[in-house]
Protein chains: 2
Amino acid sequence: MDAMTQAPSVRTKKRPTDQPSVCSCVNLRRASRAITKVYDDALQSAGLKVTQYSVLVNLSRSGSVSVSALARMLRLDRTTLVRNLKSLEQAGLVEGAASSDSRERGVSLSEAGRAAVAQARPRWTEAQRLIEQRLGVDGVRQLGELVVALEGMAGQDAVTADSVESE
Amino acid sequence: MDAMTQAPSVRTKKRPTDQPSVCSCVNLRRASRAITKVYDDALQSAGLKVTQYSVLVNLSRSGSVSVSALARMLRLDRTTLVRNLKSLEQAGLVEGAASSDSRERGVSLSEAGRAAVAQARPRWTEAQRLIEQRLGVDGVRQLGELVVALEGMAGQDAVTADSVESE
DNA sequence: CTCCTATGCGTGCATATACACGCATATAAC
DNA sequence: GTTATATGCGTGTATATGCACGCATAGGAG
């Protein structure tokens, strides 16, 4: 019986028990949801989600960039970024920018966008502090290594029906 | 300059460079997206996403349960689970079940649901193997600790405007 | 029985994520 | 110059996520 959630022990009926899953993916997704809530709560008074803050900060450091370039920076699917940018543009935090290549659509921070980042930054810093306090410097470092290891798995997954059922 | 993505070093222009972000939340979200792709790719031949497989496996272990109880098991927002269940029901993998409490809606695996789990399990196992190979047993264990630490942060966030701007 | 409270459920709304497509343009090949 | 290829973009479709609400019922207080 390979589980998927609660690893061992008994079912205590009510208490969530806070046991990690045996599935690394489920664990990572749960961790992601939990930490996202911490940051989103912190940034709420600035009217931003952490995903939006991430986009804005990157824009503030890169100046005018194409959508694809920004997506690469954020390690985000380009089409996902297109949607994420839409709400930021509607909110007036991001504006269009010229580009040499006419296929490209340049985007950059608006004045309001810069103000939003300035207002949100201390809240983000506070969330960072909370997390480091919780995970420890080592935990934060391990997390960085985790990302690098996992993002390096792209492409050559090779989990075909053959590799599972035949041999 | 607190970054948010690429920590130090130079911008090489094209190579993604695979540097972790300085933001733990961004790192965790990136890791989550990456690992989800590994599992989703593995489960694709079984026609399931890892999120769906997770629901089905939990159902297969719990038998008939209420939506709320299942949400607690999965550490998922109840309303999120309601939507996730919808597609599984439409696919005929999950069916309704009776319940003593008439407020509750019982759900359980259908025969097709059990078959889907049986078909998907080896693929999931293979994905687990891939991940353990990549992260090492230690990495997988640290990941489990990470989840527990982060899910324990619920509630008392206390990142108010005061705690940041005033004091 | 009636009222209050706790619990379970589903929906509206907003955002995030990614794959499959199709459109447009820049570039290289001839 | 025309054709083929590569690159950049946005949309349709499907799923995931969670908050704010409102509805309904179970259980206890009176």
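Chain letters run A, B, ... following the sequence lines, proteins first, then strands; residues in each count from 1.
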Kindly say if Ser68(A) contacts the phosphate of dC9(D), meaning a side-chain N or O under 4.0 Å from OP1 or OP2.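 Yes.
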So does Lys37(A) get a side-chain nitrogen or oxygen closer than 4.0 Å to the phosphate oxygens (OP1/OP2) of dC19(D)?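 Indeed, a polar side-chain atom of Lys37(A) lies that close.
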Base, sugar-phosphate alone, or nothing: which one does Ser66(B) contact when heavy atoms must sit under 4.0 Å apart? sugar-phosphate
Only counting residues at least two apart or in another chain, list the ones meeting side chain to side chain contact (heavy atoms under 4.5 Å, CB included) with Ala91(A).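 By the side chain to side chain contact (heavy atoms under 4.5 Å, CB included) rule, Ala91(A) matches Leu93(A).
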Once side chain to side chain contact (heavy atoms under 4.5 Å, CB included) is applied, do any residues pair with Val117(A), and if so which ones, sequence neighbours excluded?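 With neighbours one apart ignored, the set is Tyr53(A), Leu56(A), Val57(A), Leu109(A), Arg121(A).
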What is the separation between atom [atom1] on [X] and atom [atom2] on [N], rounded to the nearest whole Å?
X	N	atom1	atom2	value
Asp40(A)	dA16(C)	CG	C1'	11 Å
Arg30(B)	dT17(C)	CZ	P	12 Å
Gln52(B)	dA18(C)	CD	C1'	14 Å
Leu48(A)	dT15(C)	CG	P	11 Å
Ile35(A)	dT17(D)	CD1	C1'	16 Å
Leu74(A)	dT15(C)	CG	P	17 Å
Asp41(B)	dC19(C)	CG	C1'	11 Å
Asp101(A)	dT7(D)	CG	C1'	8 Å

So which one's nearest nucleotide on DNA chain C is more toward 5', Gln44(B) or Arg105(B)? Arg105(B)
Using side-chain hydrogen bond (donor to acceptor under 3.5 Å, both in side chains) as the criterion, list what pairs up with [X], not counting sequence neighbours.
X	result
Thr36(B)	Arg29(A)
Arg103(B)	Asp101(B)
Gln44(A)	none
Thr79(B)	Asp77(B)

Tabulate protein N/O versus nucleotide N/O from nucleotides 3-7 of chain C, keeping only pairs under 3.5 Å, one per line.
{"unit_1": "dT7(C)", "atom_1": "O2", "unit_2": "Arg103(B)", "atom_2": "NH1", "d": "3.1"}

Take Ala34(A) and Val67(A), find for each the nucleotide of DNA chain D with the closest heavy atom, and name the residue whose nucleotide sits nearer the 5' end.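 Result: Val67(A).
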With the threshold set at 4.0 Å, does a side-chain nitrogen-carboxylate oxygen contact exist between Glu126(B) and Arg123(B)? no
Using a strict threshold of under 4.0 Å (side-chain N to carboxylate O), is an ion pair present between Lys37(B) and Asp40(B)? no
Which of residues 76-90 of chain A have a heavy atom under 4.0 Å from DNA chain C? Leu76(A), Asp77(A), Thr79(A), Thr80(A), Arg83(A), Asn84(A)
Per Ser102(B) side chain, nearest of listed nucleotides dA26(D), dG18(D), dC19(D):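 Nearest to the side-chain atoms of Ser102(B), counting from C-beta on, is dA26(D).
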Which side chain to side chain donor-acceptor pair (under 3.5 Å) pairs, counting each pair once, include a residue from residues 84-96 of chain A, with sequence neighbours left out? Glu89(A)-Arg105(A)
